[in-house]
2 protein chains.
Amino acid sequence: MLFHEGDSAESVFNLTSGSIKIYKLLPDGRRQITGFLMPGDFLGLAAKSAYSYSAEASTAVEACRFPRSRLDALFGQFPQLEHRLFQIANDELVLAQDQMLLLGRKSAGEKIASFLVRLAERQESRGGEPDHLALTMTRGDIADYLGLTIETVSRTMSQFKKQGLISQKSLTEIELIDRDQMMDRAES
Amino acid sequence: MLFHEGDSAESVFNLTSGSIKIYKLLPDGRRQITGFLMPGDFLGLAAKSAYSYSAEASTAVEACRFPRSRLDALFGQFPQLEHRLFQIANDELVLAQDQMLLLGRKSAGEKIASFLVRLAERQESRGGEPDHLALTMTRGDIADYLGLTIETVSRTMSQFKKQGLISQKSLTEIELIDRDQMMDRAES
DNA sequence: CGACTATTTGAAACGATTCAAACCCGGTGG
DNA sequence: CCACCGGGTTTGAATCGTTTCAAATAGTCG
């Protein structure tokens with residue numbers, strides 16, 4: 001675990017290798033994962049005095065740590081740095097709104113399809129195989145990201161397998177077989 | 001309607017009076033409202049070339065319109081303006097994550113309770129009566145904001161009324177009677 | 001007052017969850 | 001080398017919360 005919701009937000013990180021999940025918890029333990037970070041992503045930017053979410057490594061992780069005070073000084077020196085981070089925050093906001101649509105209005109099948117397609121696009125944009133997905137998260141993580149239970153995630157993926165939409169080499173290796181039909185299921 | 005998802009994003013607005021809802025639609029018409037804007041709020045900031053959501057007035061509205069090109073020029077001139085907008089974007093991101101937790105993990109009762117409490121806090125922070133809520137949105141809007149149906153919103157509020165948590169002077173006027181117990185139901 | 005729309009309420013249906021058990025797989029020690 | 005363990009995963013059956021469909025009621029505006 002990297003830090004917890006409520007911890008004083010002294011640092012901003014830039015992930016250089018590995019993968020991180022950020023999430024919020026309810027008092028009774030229910031969890032909502034709000035994002036999976038990949039190398040290049042920033043962590044802790046939105047925080048003011050305290051982090052508003054918890055962050056936990058999914059794999060071994062390397063990151064660049066900046067004291068928040070230093071960052072503020074850099075903003076004064078290099079306005080285009082702040083400009084870039086502003087863009088990044090806006091991009092995240094757009095993604096967050098997509099995720100709200102997913103959480104509030106999509107069925108389990110649509111959620112899983114959207115998730116797999118987005119993961120494929122993300123991997124493609126970093127130069128990976130477009131249809132060969134390497135999942136860095138467990139079924140439980142996927143469930144808590146999509147607002148489902150582990151069982152529903154598992155069942156839905158089994159169904160997709162039976163329908164020939166995906167195939168599964170191992171627990172963490174998924175292949176998208178019919179991406180177009182997958183995007184239809186995603187409804188967006 | 002002010003603009004539609006996909007429209008070219010020529011303007012940024014600052015709402016001066018009235019209230020606006022922003023939302024995303026699925027091809028089949030399902031709708032997710034991602035925010036209700038109140039005077040002082042910005043609209044269209046996150047957009048790059050095209051708006052990523054639609055915006056619609058809930059009441060009569062007055063707003064300040066900036067051409068996007070002008071705004072970019074202002075950033076060069078007044079770096080602290082961009083700094084302020086960066087802060088605002090970060091605050092919105094924090095709210096968006098709260099909303100994801102709500103949509104993904106809260107029950108209908110918890111959603112409605114959270115919604116009413118947040119509305120009360122928002123109104124309080126603008127100097128209104130803390131327990132006397134003036135709803136600017138319909139039951140349908142509330143449903144599409146919370147990922148519920150109109151009927152569930154209505155039923156849940158009736159239940160709260162029966163339990164003495166709220167009282168209803170008219171359709172748009174709600175009074176929070178037991179705010180503490182309300183916050184307990186909100187689970188956050 | 002009458003017509004139209006939004007809201008409330010009720011009953012049935014459905015999708016996702018819960019609870020339970022079986023399975024798979026990598027790691028450990030006999 | 002293989003039996004065993006423990007975690008995560010898959011599958012099944014029953015249950016539950018929310019939705020859907022339908023009808024009644026309340027509210028708004030001409």
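Residue numbers start from 1 in every chain, and the chains themselves are labelled A, B, ... in the order their sequence lines are given, proteins ahead of strands.
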Does Arg68(B) reach the main-chain N or O of Gly44(B) with its side chain, forming a donor-acceptor pair under 3.5 Å? yes
Atom CZ of Arg155(A) and atom P of dC23(C) are separated, to the nearest Å, by 16 Å
*Reckon Ile150(B) touches a base, only the sugar-phosphate, or nothing at all at heavy-atom distances under 4.0 Å?*
base
Rounded to whole Å, the CD-P distance (Gln159(A) to dG12(D)) equals 12 Å
*Counting any heavy atom closer than 4.0 Å, what does Gln168(B) reach on the DNA or RNA strands: base, sugar-phosphate only, or nothing?*
sugar-phosphate
Ser107(B) has its side chain closest, among dA11(C), dA13(D), dT18(D), to dT18(D)
Check your understanding: Touch check for Ser154(A), heavy atoms < 4.0 angstrom, all strands: base, sugar-phosphate only, or nothing?
Key -> base
Check: Base, sugar-phosphate, or nothing: which does Ser170(B) touch, judged by heavy atoms less than 4.0 Å apart?
Finding: nothing
Rounded to whole Å, the CG-P distance (Asp144(A) to dG8(D)) equals 13 Å
Here the distance between atom P of dT9(C) and atom CZ of Arg139(B), to the nearest Å, is 11 Å
Salt bridge (Lys or Arg N to Asp or Glu O under 4.0 Å) pairs touching residues 30-42 of chain B, sequence neighbours excluded, are Glu110(A)-Arg30(B), Glu187(A)-Arg30(B), Asp28(B)-Arg30(B), Arg31(B)-Asp141(B), Arg31(B)-Asp144(B), Asp41(B)-Arg122(B)
Separation of dT9(C) atom P from Met157(B) atom CE, nearest Å, is 11 Å
- Look at all strands and tell whether Gly109(B) reaches a base, only sugar-phosphate, or nothing, counting heavy atoms closer than 4.0 Å. nothing
So, Gln32(A) side chain and Leu26(A) main chain: donor-acceptor pair closer than 3.5 Å or not?
-> no
To the nearest angstrom, the CG-C1' distance between Leu103(B) and dG17(D) comes to 17 Å
Side-chain atoms of Thr152(A) come closest, of dT10(D), dT19(D), dA16(C), to dA16(C)
Glu151(A) atom CD is separated from dT15(D) atom C1', nearest whole Å, by 14 Å
Minimum side-chain heavy-atom gap Lys21(A)-Phe36(A) below 4.5 Å: yes
Atom CD of Glu110(B) and atom P of dT18(D) are separated, to the nearest Å, by 9 Å
Arg118(B) side chain vs Ala113(B) backbone, donor-acceptor pair below 3.5 Å | no
**Prompt:** Just wondering, more than 12 heavy atoms not from Met183(B) lying within 6.0 Å of its CE?
**Reply:** no
As a check of understanding: the bend across the helix from dC1(C)-dG30(D) to dG30(C)-dC1(D), end axes from five pairs, rounded to 10 degrees, works out to 30°
Practice prompt. May I ask you to decide if Leu146(B)'s main-chain N or O and Lys111(B)'s side chain share a donor-acceptor pair within less than 3.5 Å?
Written response: yes
message = Has Arg126(B) got a side-chain atom pairing as donor or acceptor with Pro39(B)'s backbone, closer than 3.5 angstrom?
response = yes
Nearest-nucleotide check on DNA chain D, Met137(A) vs Arg105(A); residue mapping nearer the 5' end is Met137(A)
Taking for Ala108(A) and for Leu171(A) the nucleotide of DNA chain C with the nearest heavy atom, the one nearer the 5' end belongs to Ala108(A)
Checking dT9(C), dT18(D), dT10(D) against the side chain of Leu148(B) (C-beta onward), the nearest is dT18(D)
With the side chain defined as heavy atoms from C-beta on, Thr149(B) is closest, among dT8(C), dT20(D), dT9(D), to dT20(D)
_Over all strands shown, is Thr138(A) touching base, sugar-phosphate only, or nothing at heavy-atom distances under 4.0 angstrom?_
sugar-phosphate
